[in-house]
Amino acid sequence: MRWSELAKATIAHGLTPPVFTDYLELSVGGTLSVGGIGGQTHRQGAQVDNVTELQVVTGAGEFVRCSRSRRPDLFHAVLAGLGQCAVIVAATVRLVRAPRTVRHYLLPYDDLETFLEDQRTLVRESRFDYVEGQVSADPEGEFRVHTLEAVAYGPPAGPAPDDAALLRGLRHNPSGVQIADLSYYDFLDRLAASVAALKEAGLWDWAHPWLNLLLPGRSTAALVSRMLDDLTPADLGPGVVLVYPVRRDRLTTPLLRAPDDATPYLFAVLRTTPPDDTTTVDRLLAANRSAYELAASAGGTQYPVGSIPFTRADWRTHFGPAWPRLARAKRTYDPRGILVPGQGIF
């Protein structure tokens, strides 16, 4: 079951899952095994935070229903558990009222710190239903183009958007603002045309040595600035750079590890490179590792959907205080270690 299918089915009843990742053609079970972070996370938590029950098949071959009150050890080991204890075969996901239309804002910024500060203001105030942001290269190849992306839901999920109220106090460059009204599903599926173009050009199946980190808000400007200094348009390829904040108090799933900071930021360098160029792939993986070490030294964590070389010791550090419970669940529900051994977690 893909999120696109679920969205279409629920929207037909005027309802919607509260959180989506940017790409709708991911599977429900797949993102619930990792976390599921998106532009609504600052208000609604991650996708894993909006699950009330799971049906799974454990590594021992047992079919189990689990929830916060029924086999909670298994429930909490599966959500964001990277497939280590069970395969998700069904999930009960919380739904909220869906808007019919949304207003979509793209706000350009001239400098990184102002861009990050305004993002932080918006998520703290919950002014928008969705907040993300991108950084792209200027004509000189420097990553100095900052775009804050925000969305306000219309009726019946919210009031008619008021541009003046929503944008009040923000310090973007007003000459480059783009505002568009979209149907709700068209907004959710906004990447469809870009994905089709990548497939048509033969780029969709290239290697994706992605870097995905959660950075402490207090250090985000310095860390992002340093990492972007080392990034070139050639190494990014037809990929994108995402930077946007979430609220730590909305993240309640134990295995979704995040910095000890009120407003962490997701920093994602979604690189794409030819798969037969192994020298470049290896170099980018090494760069990912260096970036992770820099982030970890400041209290950052990996958001494990990318490609950062990790050892077993790294995984124990990553899960921190949640590690003992995950290890017990692994011994209980996958005693022979048959599930997802390739990640090298155990």
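Applying the 6.0 Å contact sphere to CZ of R226 captures no more than 12 heavy atoms from other residues, nucleotides or ligands. For E125, the CD atom sits in a packed shell: over 12 heavy atoms of surrounding residues, nucleotides or ligands are nearer than 6.0 Å. Other residues, nucleotides and ligands contribute more than 12 heavy atoms inside 6.0 Å of the CG atom of D249. At most 12 non-hydrogen atoms from other residues, nucleotides or ligands lie less than 6.0 angstrom from CZ of R325. Heavy-atom contacts from other residues, nucleotides or ligands closer than 6.0 Å to CD of E5 number more than 12.
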Which is it for Y185 and W3 under the ring pair (Phe, Tyr, Trp, His ring centres under 6.0 Å) test, yes or no, and what are the steps along the way? CA-CA 11 Å; Y185 187 81; W3 288 98; over 10 Å; no

Quick one, V269 with L231, criterion side-chain contact (heavy atoms from CB on, under 4.5 Å). Give me CA distance, side-chain angles, the key distance, then yes/no. CA-CA 9 Å; V269 181; L231 184 64; 4.0 Å; yes

Start with the C-alpha distance between V135 and L228, add both sets of side-chain angles, then the distance that settles side-chain contact (heavy atoms from CB on, under 4.5 Å), and finish with yes or no. CA-CA 9 Å; V135 183; L228 290 179; 3.8 Å; yes

Determine whether V78 and Y333 satisfy the following criterion, side-chain contact (heavy atoms from CB on, under 4.5 Å), listing intermediate values before the conclusion. CA-CA 10 Å; V78 173; Y333 297 108; over 6 Å; no

side-chain contact (heavy atoms from CB on, under 4.5 Å) for F75 and V56? Distances and angles first, verdict last. CA-CA 9 Å; F75 183 73; V56 304; over 6 Å; no

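Side-chain polar atoms of T147 and Q134 form no donor-acceptor pair below 3.5 angstrom.
Each of I345 and V87 belongs to its own hydrophobic cluster when Ile, Leu, Val, Met, Phe, Trp and Tyr are linked at side-chain heavy-atom distances under 4.5 angstrom. Following chains of ILVMFWY side-chain contacts shorter than 4.5 Å, one can reach L294 starting from L112, so the two form part of one hydrophobic cluster. Residues M1 and L79 are members of one and the same hydrophobic cluster, defined by side-chain heavy-atom contacts under 4.5 angstrom among Ile, Leu, Val, Met, Phe, Trp and Tyr. Residues L211 and F310 share a hydrophobic cluster, clusters being chains of Ile/Leu/Val/Met/Phe/Trp/Tyr side chains in contact below 4.5 Å. The hydrophobic clustering, which links ILVMFWY residues whose side-chain heavy atoms are closer than 4.5 Å, places L106 and V243 apart.
Smallest separation of non-hydrogen atoms from P156 and R100: CD-NH1, 3.5 Å. Nearest heavy atom pair, residue T16 against residue F20, reads OG1-CE1, 3.3 Å. Of all the heavy atoms in L82 and P304, the pair that sits closest is CD2-CG, 3.9 Å. The shortest heavy-atom contact between P17 and L95 is N-CD2, 3.5 Å. The heavy-atom pair separating D181 from R103 by the smallest distance is OD1-NE, 2.7 Å. Shortest non-hydrogen contact noted between R2 and V28 is C-CG2, 4.2 Å.
Between the side chain of T114 and the backbone N or O of D110 there is no donor-acceptor pair closer than 3.5 Å. Of the possible donor and acceptor atoms, none in the side chain of S33 sits under 3.5 Å from a partner among the backbone N and O of G83. Looking at N212, its side chain never comes within 3.5 Å of a backbone N or O of Y303 through a donor-acceptor pair. Here the side chain of D314 pairs a donor or acceptor atom with the backbone of T311 at under 3.5 angstrom. Side-chain atoms of N50 come within 3.5 Å of backbone N or O of Q44 as a donor-acceptor pair. Within the 3.5 Å criterion, the main-chain N or O of L116 finds a donor-acceptor partner in the side chain of Y265. D334 places a side-chain N or O within 3.5 Å of a backbone atom of L339 that can act as its donor or acceptor partner. Proximity of a side-chain donor or acceptor of D49 to a complementary backbone N or O of T252 within less than 3.5 Å is detected. Under a 3.5 Å cut-off, the side chain of T220 and the backbone N or O of P216 do form a donor-acceptor pair. No side-chain donor-acceptor contact under 3.5 Å links D118 to the backbone of L122.
The aromatic rings of W315 and F319 lie parallel to each other, their planes meeting at an angle below 30°, with 60° marking the opposite boundary.
Between F267 and W210, a ring centre-to-centre spacing not shorter than 6.0 Å is recorded. Aromatic pair Y23/W204: centroids less than 6.0 angstrom apart. Between H146 and F115, the distance from one ring center to the other falls under 6.0 angstrom.
Considering only heavy atoms from C-beta on, L166 comes within 4.5 Å of P161 through its side chain. At least one side-chain heavy atom of Q84 sits under 4.5 Å from a side-chain heavy atom of F346. Contact annotation: the side chain of V240 approaches that of L242 to within less than 4.5 Å [non-hydrogen atoms, C-beta and beyond]. Here the side chains of T263 and R248 are not in contact, with every heavy-atom distance at 4.5 Å or above. Inter-residue side-chain proximity for T58 and V64 is flagged as met; some heavy-atom pair is nearer than 4.5 Å.
Remark: R171 engages E117 in a salt bridge, criterion side-chain N to carboxylate O under 4.0 Å. Remark: R144 does not engage D111 in a salt bridge, criterion side-chain N to carboxylate O under 4.0 Å. No salt bridge links R71 with E53; every basic N to acidic carboxylate O contact stays at or beyond 4.0 Å. D261 has a carboxylate O that lies under 4.0 Å from a charged side-chain N of R218, or vice versa, which qualifies the two as a salt bridge.
Across F187, Y153, Y184, Y244, a single residue satisfies ring-ring contact (aromatic ring centres under 6.0 Å, His included) together with Y130, and that is F187. None of R43, Q40, H42 except one satisfies the side-chain hydrogen bond (donor to acceptor under 3.5 Å, both in side chains) rule with D129; the exception is R43.
Atom CZ of R316 sits about 12.0 Å away from atom CG of L326, to the nearest 0.5 Å.
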